[in-house]
2 protein chains.
Amino acid sequence: MSMYRIDFNDFFTSAFSVDCILFGYSDGEIKALLIKRAMQPFENLWAIPGDLIYPDEDLEQAAERVLFELTGLNNIAMHQSQTFGKPNRHPQGRVITISYFALLRIEDFEVKASSWAGDVQWVSLKNMPDLAFDHNHILSSTYEMLKLKLQNEPICFDVLPERFTLNEFQQLYEFAFEQAFDKANFRKKIKHIPLIAHDEKQQNVKHRPAKLFSFDKIAYFEGIEQNRYTFKM
Amino acid sequence: MSMYRIDFNDFFTSAFSVDCILFGYSDGEIKALLIKRAMQPFENLWAIPGDLIYPDEDLEQAAERVLFELTGLNNIAMHQSQTFGKPNRHPQGRVITISYFALLRIEDFEVKASSWAGDVQWVSLKNMPDLAFDHNHILSSTYEMLKLKLQNEPICFDVLPERFTLNEFQQLYEFAFEQAFDKANFRKKIKHIPLIAHDEKQQNVKHRPAKLFSFDKIAYFEGIEQNRYTFKM
DNA sequence: TTAAATTATTGTCCAAATTACAATAATTAA
DNA sequence: TTAATTATTGTAATTTGGACAATAATTTAA
C-alpha cells in the first residue's frame, strides 16, 4: 500500500462518464454521430456524445440513456470498448470515461438534436475534424474495437434486422472493413454460423428477391457452451 | 439530457479502482495471483489485488503500482481489459473498477505479501474458489480478454524475454490456450511475424540448444503502418 | 571416443480452406 | 417473351493447416 494512503472517502472525488460512439454506414462509408458542443469547455467543437453517469446508474444503462436521448432509439445493444482516464483529460476535474459503441443503420432513424447541442451530424471517419477532449483518440480506438468484435463475436446480428438477406450480412462487413468481398466466398465463410433459412423473401425489390435468414441464437449458444465452436470472421 | 440533471460537482462522489489480474503459468496450468483480504469487506476471502486510483494518477500507472507493490516487479506492461461498474458491486460506495492484466512467468519473481494481505497465492483457474466482490466475473472476463489479445496483438512479446527460443514462444500459447501445438506447424504459423534470428544460442540446457530470436518491432510497426499486415495467431 | 538420448529444425504429404471466376436460376420490367 | 438484374451454386487452382517423418546438433553416459 502506498505511503500516502489517505482516507477512503477522499477518493470519492472523481466523476465518470460514458461516451457513446454511434457508428453508421451510408454511401459506402462508415460514419460516426457527433454533436457540436453548445457549452464550455470546447464550445463549438465537435465531440462524441457522452454524459456523466448518475450515482445509482449502471454503466450500460447510462450508455443506452445517452443513445436514447440523442436518437430516440431504444433496445440497441451497446458494447463496451475502453476506458480513458488521463488525469487532465477533462479541464474541469478528474473525469474517467468509459466508451461504448453501437453500429446502426443510418437510414433507420432520425437524429433528434434534443437538449444536447446545437448540431448533430454523421461525420465520415475519413474526414474527421479535431474533436473536443481526447475524442479523436477515443474514436479511433473504438473503431478498432468495433472491428475486433465484428471478427470475434456475433455483434453483427445486433444491427442487422431480425430477418436479413445474405447480401445485407455481407455489406455490413464490407462497410466496416472498407473492402469488397466475393459473394460466393463470403457465403462459404459464414457456413459455420448457425442461420435459419426462411421461406420468406425480400419484398419490393426490382429484381430477383433474396431469401431471408435469421440468426439461430439457440444453436449458436449451444455450440459455445459445449466448446465446439468459436465465432470467427 | 435527463430530467434530474444535477450540479456538476454532485457527480464527484464516486471512486475508481484498478484490479490487476496477474496470470502466470507453471505446472502446465494458468494461474492467477490472488490475495486473501485481511480486512472488511469480504474479510478472509480471496480477491484480485486492486487498489483505489489516486486523484492525480493515470490508470496504467495505478495498475503498475499495484503490480509493483505486490510483486516488486517493474516495467511489466499492463493491458486494459474491461470496466465493471454495477452500482452495488462495492458495499461501501460506488466504486467503478477498471481491470488490467499481465502475463508473467511465475518462476521469474517472488511474490511479496507486503502490506496487502495476510496471504498471497497463485491459484489455478481450474480450481477457483468464491472470490470477494464480483471478482469471479472479472477474472473470467479478463481471461477471455487475455486470449483475445494474444490472438490479435503481439502482447506475447511483453512477457517473453527479450531473446527467446521458438519453443518458449510456442509454450506461451500452449499454456494460455491449454492445448498442445505441433512444433513444425507452429513454426509455419508464425512465419509472418517479423523475428530477428540471432547467432546466440540457449545456455545451460542438457541437450541441443535452440537458437534465440527476438521480436522485430521496427519491421512489425512498419507493416502495421502501411496496412500490409495484421497480427493473427 | 563413441553411442545413446534428447531436443531442434526442416521437409513431405494430404486434407481443408481460400480465392478467383464461371455458370445457372429466379425474378422484374419492358 | 426477352433483356436486365441479381441470387445462388459450382469448379478449378492456390494457399494454408495438420499429421507425421526425417535429419541435425548437442549432451551425457558408457
Side-chain angles (χ1 to χ4, degrees), chain A residues 28 147 150-152 156 160-161 163-216 223 227-233, chain B residues 28 147 150-152 156 160-161 163-216 223 227-233:
Chain A
K147 290 194 286 186
L150 276 174
Q151 278 177 320
N152 295 286
C156 49
L160 287 170
R163 294 184 178 204
F164 51 86
T165 69
L166 297 182
N167 256 4
E168 288 172 328
F169 190 3
Q170 180 173 344
Q171 280 165 23
L172 177 54
Y173 280 85
E174 291 184 330
F175 285 129
F177 290 92
E178 302 181 276
Q179 61 179 296
F181 301 111
D182 180 277
K183 278 189 183 186
N185 296 339
F186 186 84
R187 280 150 199 251
K188 282 183 213 161
K189 194 179 205 154
I190 63 171
K191 271 225 175 71
H192 71 287
I193 301 172
L195 298 181
I196 298 163
H198 299 278
D199 286 334
E200 207 182 335
K201 291 184 176 177
Q202 225 176 0
Q203 298 292 325
N204 303 322
V205 285
K206 17 184 185 312
H207 52 76
R208 172 179 173 184
K211 204 189 275 188
L212 293 179
F213 293 81
S214 59
F215 178 49
D216 190 344
N227 243 326
R228 294 282 162 272
Y229 183 83
T230 44
F231 186 90
K232 266 292 163 201
M233 286 293 287
Chain B
K147 291 193 285 185
L150 277 174
Q151 278 177 320
N152 295 286
C156 49
L160 287 169
R163 296 187 176 201
F164 51 85
T165 69
L166 296 183
N167 255 4
E168 288 172 328
F169 189 2
Q170 180 174 344
Q171 280 166 22
L172 176 55
Y173 280 85
E174 290 184 329
F175 285 128
F177 291 92
E178 304 183 275
Q179 60 178 295
F181 300 110
D182 180 277
K183 279 189 181 187
N185 297 338
F186 186 84
R187 280 151 199 250
K188 281 185 217 159
K189 194 179 204 153
I190 64 171
K191 270 226 173 71
H192 71 286
I193 301 172
L195 298 180
I196 299 163
H198 299 279
D199 287 333
E200 207 182 335
K201 290 182 175 175
Q202 223 177 1
Q203 298 291 325
N204 302 323
V205 284
K206 16 184 187 319
H207 53 76
R208 173 179 172 184
K211 204 189 272 189
L212 293 180
F213 293 82
S214 59
F215 178 48
D216 190 344
N227 245 325
R228 295 279 163 273
Y229 183 84
T230 43
F231 186 90
K232 266 293 164 200
M233 287 291 289

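Residue numbers start from 1 in every chain, and the chains themselves are labelled A, B, ... in the order their sequence lines are given, proteins ahead of strands.
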I want to verify a distance call: between [options], whose nearest atom is closest to the [X] side chain?
X: Lys183(B); options: dA7(D), dA26(C), dA8(C); result: dA8(C)
X: Lys201(B); options: dA25(D), dT9(C), dT9(D); result: dA25(D)
X: His207(B); options: dA8(C), dA19(D), dT9(D); result: dA8(C)

Problem - Tyr229(A)/His192(A) aromatic ring centres below 6.0 Å - result: yes
Exercise for the section: State yes or no: are the ring centers of Phe186(A) and Phe169(A) separated by less than 6.0 Å? Expected result: yes
Practice task
Check whether any side-chain N or O of Arg208(B) sits under 4.0 Å from OP1 or OP2 of dA24(D), and answer yes or no.
Solution key: no
Given atom [atom1] of [X] and atom [atom2] of [N], what is their separation to the nearest angstrom?
X: Asn185(A); N: dA12(D); atom1: CG; atom2: P; answer: 15 Å
X: Asn167(A); N: dT6(D); atom1: CG; atom2: P; answer: 10 Å
X: Arg187(A); N: dA25(C); atom1: CZ; atom2: C1'; answer: 13 Å
X: Met233(B); N: dG17(D); atom1: CE; atom2: P; answer: 11 Å
X: Lys189(A); N: dT18(C); atom1: NZ; atom2: P; answer: 7 Å
X: Gln170(B); N: dT7(C); atom1: CD; atom2: P; answer: 14 Å
X: Gln202(B); N: dT27(D); atom1: CD; atom2: P; answer: 11 Å
X: Phe186(B); N: dT9(C); atom1: CZ; atom2: C1'; answer: 15 Å

Practice task
By nearest nucleotide on DNA chain D, pick out whichever of Lys206(B) and Asp182(B) is the more 5' one.
Solution key: Asp182(B)
Problem - Distance-only donor-acceptor test (3.5 Å): side chain Lys188(A), base dT11(D) - result: yes
Problem - Lys211(B), NZ atom: more than 12 neighbouring heavy atoms under 6.0 Å - result: no
Practice task
Taking atom NZ of Lys206(B) as the centre, report whether more than 12 heavy atoms of other residues, nucleotides or ligands fall under 6.0 Å from it.
Solution key: no
Practice task
Please work out if Lys232(A) contacts a base, only the sugar-phosphate, or nothing of the nucleic acid, heavy-atom cut-off 4.0 Å.
Solution key: nothing
Practice task
Indicate, with a heavy-atom threshold strictly under 4.0 Å, whether Lys191(A) touches base, sugar-phosphate, or nothing.
Solution key: nothing
Completion exercise
Sorted by position of nearest nucleotide on DNA chain C, 5' first, the leading residue of Thr165(B) and Val205(A) is Thr165(B)
Practice task
Would you check if Ile196(B) and Asp216(B) make a side-chain contact, meaning some heavy-atom pair closer than 4.5 Å?
Solution key: yes
